[in-house]
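Report on the structure given below.
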Amino acid sequence: MDRSVNLLDLALGFDEPSPLRGKVVLIEDCVETSGSFVLHQMMKRVLSPHSSDALIFLAFARPFSHYDRVLRKLGCNLSTQKTNNRLVFVDMLMMKCSDGDDNVSGVAKLFREIQGTVRKLGNVTNRNITVMVDDMSLLEIAATNSNSDHVLDFLHYCHTLTCESNCSLVTLNHEDIYSSMERPAYLLQMVCLADIVIKAEPLASGLANDVHGQLTVVNKGMISSKSGKGSSRNKLQNFQFRIKENGIEYFYPGCSRS
Amino acid sequence: MAAPNVRTSSFSRNISVVSSSPQIPGLKCGPNGTTFISTGIRDLDRILGGGYPLGSLVMVMEDPEAPHHMDLLRTFMSQGLVNSQPLLYASPSKDPRGFLGTLPNPGSSKEDKPIAPDLDQGESLRIAWQYRKYMENQKSSIDDYSNDFDMRKPLERQFLAGRPIDCVSLLDSSDLSVAQDHCATFLTKFPRNSSNIASIGRIAIQSFCSPLCEYSDKESEMLSFIRLLKSMLMVSNAVAIVTFPPSMLSPSSSTRLQHMADTLLSVKAIPDGDKELEKLLTGYKDINGFLNIHKVARINTQVPVILEAKTFSMSLKKRRFLALECLNQAPVDGSSGTSYGTSGSCSGSSKSGALDF
Amino acid sequence: MADSIFRKLRDGGEEGELAPALTIEETVVSPFALDVSCYLLANLSSSILAGKSKSEGLVLVTFSRSPSFYLQFLKQKGIVVSSSSKWIRVLDCYTDPLGWIDQPSTGVTEGPSLVKLNKCVSDLKRLFSSVIDAGREMVGDGKTRFSVAIDSVNELLRHSSMPLVSGLLTDLRSHAQVSSLFWSLNTDLHQEKVTNALEYISTMKANLEPFCPSPDGKRNALENLFLAHQDFGKGRFHVRFKLRKGRVRVMSEEYHVDQTGINLSPISSAESVIAATKSLIPKVHFNLQLSEKERVEKEKVVLPFEHQDHGKSTEIYDGRRTLADGKTEATPLSSGELQADVVSSGKGGEIIYFRDSDDEHPDSDEDPDDDLDI
């Protein structure tokens, strides 16, 4: 299984167990290059048979059937993990935030739900829980009926989970939505909260069959109270990728195998 | 004219299930457990790897100066009606039903095969021997899947009469709730459960954020509508095509819509009497406009579809049949037309700025 | 230099004077205000414990990190905070700022040193009194003073308007028992106006400037993050002190962030860093505009290299007879006298030019680079 510790895994520190404990990861992508494959890879990592880590997945962009098929090709059976209580898949496709009128907004309810699940899942010792959101921009749309600030509050509360329960928080957002704004508070706030920012973008020369794009990984490594190894802090790495059904090939620019 | 080599080897192995086509006409098995329906334009079906997959949202970015998006809508709707698929059409006009009168009729493809000779020539050069079988396969099974549409001949009554067609005017209400309800009730008729597909719905929404609509200044409402439409589609056996003028929206909202699209297309007018373009593009006279393919739906897979060319010329073959072709550029600056990036994507032309958006 | 900020905070203000206040400014590209705050916290705590500080207690208000984070950090620095510690109070505004959580989470031990505040971000009056109460609990009602640290004002600014937040900060500063105050701010998240307002009410400003500043001034802060490359985590640390006598002291150091925290070192390159102050000195005025009269006069002057007539051979006055027309009427000028004449006669300006040698040809229209062989 671990034969495939690829460049991205290394950049995230997956050569050691649960490197993202208490960390916040933000994936940024754009219309031309989707960053969802990074999510898939991290899902697979979290649900790896060697650990007892658990995943709470908030799906705004795709239904379960999609992720089930994609992850199965990567060698990970989501349905089994569901029954094993290692995966809690929350279908948010039809979520509307206007429901909550009793002075608690819809996102607050959502957070409570997550918090409850985290507490339930956290019974297993030495278990790291990861909360993933597959599309923050859709959460923003779903919540705008009330107030876009609520989404930032939601983020803040999710951040408290990383401190309180040592959860990891992995989110995906589309950077190009905000590029026309002068001060995109929403995205900036997400970047500020993140320990690691991963950006997927097309190559300057356009898309090609053997290179699908490039990834930039910024490990801001906010100051941490746990004394870890100093290697990963303040690192910026850049590599290219090629997405395949059963995995992703990463290589340094110019080192494509094909 | 090059047939775009859309798929990797494993991809095409899957698609060869074509021959064992499903029970009801107008469907084609695609990769990863998806099912295609025809776009109504054979060339577009071919470029997209089969058509639009069920459950997908197609967004078309309009050019305010050209009506090419209407052709995409018309063929999409006609194809559905010919294959007896229920239709929901919404537009910002007072009488949306009137638009049905402008739908094209299937042409008699036996006498005038509009694109076949061209296609064969290109294929014999480009496509490896074992793929030919697949191409022939496709041709034989194609007839109950897609048709050629004669853009000058209105759709015959038999295809319209008694068919389940719902027309909605986007002008009627001040918000999108009416359209929302229509979509929701329409889509509940095509729930996705198990593998057997009973029937397929098509939704066509024209000029979604037209300034004529009262809701057009409420961007969050429009985004919310599309999000819910997309969510509903994902669990139904239906395809929705929505055209919108991106210039009517703020850049960020426009980008949001583009992100929500499974298949993202845009159309562009071609400048008339442009000497430079005339020199650059062979067949300039017949070209009416350009079609750009920004995104091809990826359902149940993480692998992106990389097209060899993204820009295609739209023209009417025999003045009747809509055809899409790779741009054939005169070899000006040594671009041979085979290497990616210099070929069809019209990056070599001086007009690239105007065509890429 | 960072020591001098720390000393200011430790010593506090004079009696009857507003407490010194420090804004620590960070950006998306240099997000290390937290490191600076931690550095100051550790130093302040140890000086309070050693009794070297004028203030005898510290109230820490947390918005961006949980209290446990800070307690762990202090522990690492050898400062143990027990629940009965008399010198520190932590106000937790991080865990539940809006009151979303129904039941309090179990497992967090709450001693007197840790106070949880719910729904605190919008009710600044309550926040103020909580801070003061927490301080009084520590040091009593008398004249003993305490320091206040706010880890980030960004959350506050998101929920309350800027005047309210700066009002809160000023109220804290002017309270008799507050000896010093510092807070941090991410300037990318708010309008420039907000940053300016907070700078206005503070006596010190520390600002983290990354290396390789954006090429075109203010670009998208996000893009800059990815342009930072290997210089991420390094940069300049600038501090501006407003001194009592009305001066501003500007100091700069280089910072480098690693796992242990922020490290500061003197600037290695000899580049001038106080360029900002130079703009204070008025520039020397050159008047480049001509009045109408001056312009007319200027146009009258005929310069010797201008060809004066068309058709004629080139004739340039150089103070000597040219070789070609030695016999013509040219008046040999032997300097001195004529110059004086011209000036005294008030005829206007004249440029006198002596040709160096006869080898030199008169100016012509020829391209001087004609013979250049490229």
Heavy-atom contact with chain B under 4.5 Å, split by part of A:Arg72: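 Interface part for A:Arg72: neither.
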
[Y] and [X], any side-chain heavy atoms less than 4.5 Å apart:
| X | Y | result |
| --- | --- | --- |
| B:Gln302 | A:Ser36 | no |
| A:Met94 | B:Met232 | yes |
| B:Leu223 | A:Glu140 | no |

For the atom pair CE (A:Met95) and OG (B:Ser231), what is the distance rounded to the nearest 0.5 Å?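 OG of B:Ser231 is found 11.5 Å from CE of A:Met95.
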
Got a second to check how far A:Leu93's CG is from B:Met234's CE, nearest 0.5 Å?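 Output value for this atom pair is 4.5 Å.
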
Intermediate values then yes/no, salt bridge (Lys or Arg N to Asp or Glu O under 4.0 Å), A:Arg62 and B:Asp262: CA-CA 11 Å; A:Arg62 296 275 179 197; B:Asp262 289 299; 3.1 Å; yes

Set of salt bridge (charged side-chain N to carboxylate O under 4.0 Å, His left out) partners for B:Arg227, sequence neighbours left out: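 Here no residue qualifies.
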
Heavy-atom pair with the smallest gap, counting every atom of [X] and [Y]:
| X | Y | value |
| --- | --- | --- |
| A:Ser180 | B:Ser252 | OG-N, 3.8 Å |
| A:Asp29 | B:His259 | OD1-CE1, 4.1 Å |
| B:Lys230 | A:Ala61 | CE-O, 3.9 Å |
| A:His212 | B:Pro304 | ND1-CG, 3.6 Å |
| A:Val31 | B:Leu264 | CG1-CD2, 4.0 Å |

B:Arg298 versus A:Ser34, side-chain donor and acceptor atoms under 3.5 Å: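 A pair is found: one side chain offers a donor N or O, the other an acceptor, under 3.5 Å apart.
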
Distance-only polar pair, side chains of A:Glu245 and B:Thr301, donor-acceptor under 3.5 Å: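 Yes, a side-chain donor-acceptor pair sits under 3.5 Å.
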
Taking side chain as everything from C-beta outward and backbone as N, CA, C, O, which of these in B:Met260 sits under 4.5 Å from a heavy atom of chain A? Side chain, backbone, both or neither.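 The answer is the side chain of B:Met260.
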
Spell out, as yes or no, whether a donor-acceptor pair under 3.5 Å connects the side chain of A:Lys73 to the backbone of B:Asn300.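 Yes, the answer is positive, given that a donor and an acceptor are paired below the 3.5 Å cut-off.
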
Are any side-chain N or O atoms of B:Thr255 and backbone N or O atoms of A:Ile177, one a donor and one an acceptor, separated by less than 3.5 Å?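 Looks like no, no N/O pair under 3.5 Å.
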
Basic-acidic side-chain contact under 4.0 Å: A:Glu32, B:Lys295: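 Looking at A:Glu32 and B:Lys295, the cut-off is not met.
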
Select all residues of residues 183-191 of chain B having any heavy atom within less than 4.5 Å of some heavy atom of chain A, and report them by number, or 'none'.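 At a heavy-atom separation under 4.5 Å, chain A is reached by no residue of residues 183-191 of chain B.
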
